[in-house]
Structures are given as C-alpha cells and as structure tokens.
Amino acid sequence: MKPSIPRGTRDFGPAEMQKRQYIFNIVKTNFQLFGYAPIETPSMENISTLTGKYGEEGDQLIFKILNSRIHESKDDKKELLKKEFNSSLEKSYNSDLLTEKALRYDLTVPFARYVVMNNHAMTYPFKRYQIQPVWRADKPQKGRYREFYQCDADVIGSNSLINELELIAMMDKSFSELNIPVIIKFNNRKILSGIAEILNASDKIIDITVAIDKLDKIGKDGVIKELQEKGILETAIKQLEPLIDLSGSNDNKVNTLKTFLATSEIGKKGIEEIEFLLNNLKTLEIKHINIELDITLARGLNYYTGTIFEAKANAGTFTPSILGGGRYDDLTGIFGLKGLSGVGISFGIDRIYDVMEELALFPESVNKVSTTKILLANFGEAELIHCLGIVSKLRTEGINAEVYPDVVKKISKQFEYADKKQIPYVGVVGSNEMNQNTIMLKNMEQGTQKEVTTDELISILKEI
RNA sequence: GUAGAUGUAGCUCAGUUGGUUAGAGCAUCGGUUUGUGGUACCGAGGGUCGAGGGUUCGAGCCCCUUCAUUUACCCCA
C-alpha cells in the first residue's frame, strides 16, 4: 500500500521545521515581551461551542468528529441514528447522536469559552497568547491548508483602545524582526454599521461589507454589480460610490467619513475610535510597517464589533492575508458572561512561511537541516566508545555534537553523512589519535584539517 | 458545490501521426579510493504507465467510467 496523508495537511521535515521554529520563536518572544501569558486548549471542542460563531459559511467548514463506538448502540438507537444520518444527508444539520465534538476552527472562540469557564480565577484584564493548530474543512489551494497554526494574542476585559495601540506596536516589532515588508490595513466595524445605517440598509450590512471587501479583487464595477445583485437600491449605491473611491491619506479619509456619517451615532463613534488610533500612532515609534485606513476592509468573522486588522505582505506575488484580528465586544456573552470586551490578533504562520520563502527572507543561520556543530567519525568499537567521552565533554560546554553510531567499512560514508546534514566539522579519531588523546579536526567547508586536543576543540567550536 | 489542469521509476519529468524489450536527470546501492565528504568517471537495482472497461492486428498515447492530486470561483490565516 502506498502511504499518503489527508489532503490539505503536510509533513514538515527538519529543514522546514528549522525555519518554522524561527518564526514561532520571534512571535512568541514578542507576545511575552508585551505581557501575554500562554494557554492551551484541547484540539476538539463540543460542537455547540463552535457553531454559530463564524457565520453561515464558517459553520460549514467546521471539521466534525463522528461519535465513537456508535456500532455498540442498542438496536432502537441504531434506527434513530440512521434517521439522523439521512437528515444530515439532506441538509446541513448537527445531531448530537452522530457528532458531539468538532476540531477547533480558530483560537478565539475556544479562548472565550476558557475565559467563561475560568472566570472565578481570572485576573482582568487578561492577556493570553496561544500557539496551536486549527482545522478547516476548506478545499485546499495555494496558501490554504486544512490544518494550520494560528498564533493568537488577545486581551479580554478591557475596553481601552490602548490595547489596539499596543497590538499595532507588537505587529510592527514582530514583522520588523521577521524582516517582512508589510502593510497593515485597519477599519472599524462601527463605520460599516454607520454606512449601512445612512444607506437605510442596516439589514443588508453583511452583503454590503462582503461586497466592498472585494474591491481589490473585482474592482469598482464588480462591487457595484454585486451590490445590485444583492438587492441594494440604486440610490444607496450612488450614495456609496464616493466611499468606494475613497483614497489619499488616512486623515483625508477620516474627513470624508466625518461628513458622510454625520447623522449616524454609531458611525461617529467609529470615527472617534479611528482618530484616537491615528493620533497616537506617533508615540509608538512605528518603524517598519505601513498602516492604512481601509474602509473596504470587512473581514468575515461575525463576532468583530470594533477595530479590525488585516496584514498582507507588501512585496512579491504571493500576498494573502498573513494576520487578522479585531475587537469583539461580547464574545463571552453567548457563553453567559456579559460585558467583557476583548481585542486580539492572529498571526498565520503557515502563510508567513510561504511569503518568507518566496522573498528569501530566512537568515542563513536557519537555512540548514541540522544544528549539529561536529560529528565524531570512528574506526571501530574501541574508538567509538572513546568518542562518547569526547562528545559528552562537548555537550557539557553546550556544543551540539554527535557521534556516528555504527562501525562502517568505509569512513567516507561518515563524511558523507556530515556533508548531507551540513555539519561544519568532522572529528576523526583513529587508534593514533585515541592513544595520544587528540582529534583530527576537519573543517568541512574549507577542506582543511589539523590535529587538536579536546580543550582546543572546545574553544574552536565555541567560536562558531 | 462549479470550472480547468495533471496522474509514467523513491522524487522531478520526457515519451513523435497509435508500432519491437517504456527513457532521462536526481536519489539509492556498488566500484575507481579499506584514514576523508561536497566535484569526476564506470556499473547495478528499481515501472501492472492511477484504477476499471472499450476501440484496434497492436494502446503510455484514442474513447468511456472512476479515483486521486492541483489551480480558480465562494469564503478565509
């Protein structure tokens, strides 16, 4: 049988993991630098925890888990199971009899669930980070996987826009360290609500936001066409046009919005929030990222209510969104805990990897398959045992070292091994070296070699 | 769900209007070299051409069915 893995999933070899961990480490270090503490939640949640949080489309993408041991059910229950199965073949339908668990779709909803369950022991505002895989039953394609990692940082239990500012600072620092040219787009759901209110189409707010969100992709005409198809009135579309055309500096955009939304309370609140962010950006000393107010940014997730963020690479041909986030005023409300506002962002590490690969942004140091500094080659059983003592000393000094564990006929095989693993030094210990307590040290890159003592070896390897 | 592309050696792919025993590069193993890798040369192993059916004297190639992979739409990290 030919082995395979489920579509949309991937294996990661040592070379890829080296680079992935490089990204993880930078993101994680910055999370901690800004005061976030780690948590983890289970891969699976009760299905009722997840459904209804991601919109109709999102619900369809949740990976459901078939209840275990259903074959052991009693006969009358089996009849019921068959009926339930037939119903779910007809329409989208969750039956607890068939499936009561599902794989997590993101990290934010499980986090909200965690907060509600641990409310008694929580210190607010609570800042947590979480780096775990999530699963989506999407059709895989470029940059879209069925299993991928999210790196989330959220603060819950604080209304302050300072949190948004700090998140921006953290994005700047992280992307700057990763060396990815990035454009951060932001918007505010209150603006979108305000627009819908002004257009007298509050019930169509989702259709409107989804349509203008596509501006980049399908152009102005495409957006207008979609709005028409969704049954938005011509007069409303006419009214909306100046906003679709909106360009220029962030301040210009704010001014236009101010006139447009003058009679909408919620719209004015949104502008106020945006102005607060823009006015205080200067003190953050943003060095790396570009920040742009983009009122066409909508983002699909249902639970956002205030600021929304999205980041894309600002170079290369592969530019999917690599970070998303925003403020949700009442995510815990559905789990029975009212009045907790939260805001957070999520780095999409798999796409960040793809972008960095395309732009060749990984530093030389992680562009190799192994971190081993030296391989000790051996000529036989006695030398091998002798080498064990040497690597032990090296490891005590914090030097990554390994011995070739087998006695082989040809020494060249051991050099080949070191070469393939890109190990920079090979130490050869034959009977001569063993008797004199030395090592023949070969620099694999230069091809030179010299005989050294263990102490000399340690000081040489410590320098690289 | 809709539409397109692709399935040939472990991997990446050639394979002409349908014609003898299906090829290359890389990888693997062995040798040139029993104390020296990455370069070079010589050799070896490895294939039910995704699966099933059909047309034909003859099918990797044409037709039908099916499965898988992949790209785009929708939506999204």
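Quick note on labels: first sequence line is chain A, next is B, and so on, each numbered from 1.
- Between the side chain of A:K413 and the base of B:rU36, no donor-acceptor pair under 3.5 Å is found.
- Residue A:K139 places none of its side-chain N or O atoms closer than 4.0 Å to OP1 or OP2 of B:rU69.
- For A:Q141, no side-chain nitrogen or oxygen approaches OP1 or OP2 of B:rU71 to under 4.0 Å.
- A distance cut-off of 5.5 Å between ring centres, combined with a plane angle under 30°, places A:F148 in a stacking arrangement with the base of B:rA77.
- Nearest to the side-chain atoms of A:M444 among the listed nucleotides B:rC76, B:rG37, B:rU36 stands B:rG37.
- Of the listed nucleotides (B:rG31, B:rC74, B:rA27), B:rG31 has the atom at the smallest distance from the side chain of A:K409.
- Place A:R7 and A:G143 on RNA chain B by their nearest nucleotides, and A:R7 ends up nearer the 5' end.
- At the phosphate of B:rC75, OP1 or OP2 sits under 4.0 Å from a side-chain N or O atom of A:K214.
- Residues satisfying the side chain to side chain donor-acceptor pair (under 3.5 Å) test with A:E147, not counting sequence neighbours, are A:W135.
- A donor-acceptor contact under 3.5 Å links the side chain of A:D419 to the base of B:rG37.
- Applying the side chain to side chain donor-acceptor pair (under 3.5 Å) rule to pairs touching residues 319-328 of chain A yields A:D154-A:Y328, A:E164-A:R327, A:R327-A:S341, sequence neighbours excluded.
- Heavy atoms of A:P140 sit under 4.0 angstrom from primed sugar atoms or phosphate atoms, though from no base atom.
- For the P atoms, the distance linking B:rA14 with B:rA9 amounts to 12 Å, nearest Å.
- Taking only side-chain atoms of A:R351, from C-beta outward, the nucleotide of B:rA72, B:rA77, B:rG35 with the closest atom is B:rA77.
- Classified by interplanar angle (parallel below 30°, tilted 30° to 60°, perpendicular above 60°), the ring pair A:F362/A:Y22 is perpendicular.
- In this model, a side-chain donor or acceptor of A:E433 finds a partner on the base of B:rG35 within 3.5 Å.
- A side chain to side chain donor-acceptor pair (under 3.5 Å) with A:T438 holds for exactly one of A:K450, A:E456, A:E451; it is A:E451.
- Open room surrounds CE on A:M44; 12 or fewer heavy atoms of other groups in view lie less than 6.0 Å from it.
- Checked by distance alone, A:Q449 brings a side-chain donor or acceptor within 3.5 Å of a matching partner on the base of B:rU36.
- In RNA chain B, the stems built from three or more successive Watson-Crick or G-U pairs (distances below 3.5 Å) are B:1-7 with B:67-73, B:10-13 with B:23-26, B:28-32 with B:40-44, B:50-54 with B:62-66.
- At most 12 heavy atoms of other shown residues, nucleotides or ligands fall within 6.0 angstrom of atom CE in A:M117.
- Comparing B:rA27, B:rG31, B:rC74 by their closest approach to the side chain of A:K420 singles out B:rA27.
- Judged by distance alone, with hydrogens and angles left aside, A:K442 brings a side-chain donor or acceptor within reach of the base of B:rU36, the pair sitting under 3.5 Å.
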